[in-house]
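Structure first, commentary second.
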Amino acid sequence: MKRDITTLLGGFLTALLFFLSTVGIAFEWFNEESINAFVVLVSAAIALSVNLYAVWKNTYASKKAQLQKKALQAQGLMKKENTVKPFSASKAFEDDGK
């Protein structure tokens, strides 16, 4: 969908450029290079906003989400802590000797 929106936007701006040039109106800053740069900028902005939304929805950052996390932990539907043991290089070499 993101690609469709940017393609539509680029097509519209290119059509507008050609229409204005046939009418005899020309802007120095409004050319194919500026249209392509603008389309890339819009595409990057859409990708950034989708990623920010995904991170926001998939973490417990807001107050409401923190309450939800506590409720899930109280019901036993979620672990209370993520217990990730740190990697120890010396332990890894000791285990190889067995």
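In what follows, every heavy atom counts, from backbone to side chain, and hydrogens, waters and symmetry copies are set aside.
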Output for pair (Leu8 CG, Arg3 CZ), nearest 0.5 Å, gives 14.0 Å

Hits for side chain to side chain contact (heavy atoms under 4.5 Å, CB included) against Ile25, two or more places apart or cross-chain, chain-then-number order -> Leu20, Val23, Phe27

Residues passing the side chain to side chain contact (heavy atoms under 4.5 Å, CB included) test with Thr14, sequence neighbours excluded, are Phe18, Ile35

Those residues at least two apart in sequence (or on a different chain) that pass side chain to side chain contact (heavy atoms under 4.5 Å, CB included) with Leu52 are Leu48

Q.
Please say yes or no: joined through hydrophobic side-chain contacts below 4.5 Å, possibly via intermediate residues, are Leu16 and Ile5 part of one cluster?
A. yes

Applying side chain to side chain contact (heavy atoms under 4.5 Å, CB included) to Val42 and not counting sequence neighbours gives Thr6, Leu9, Phe38, Ile46

Residues 18-35 vs side-chain hydrogen bond (donor to acceptor under 3.5 Å, both in side chains), sequence neighbours excluded, gives Asn31-Ser34

Quick note, side-chain hydrogen bond (donor to acceptor under 3.5 Å, both in side chains) partners involving residues 47-61, not counting sequence neighbours, are none

So OG of Ser62 and CD of Gln68: to nearest 0.5 Å the spacing works out to 8.5 Å

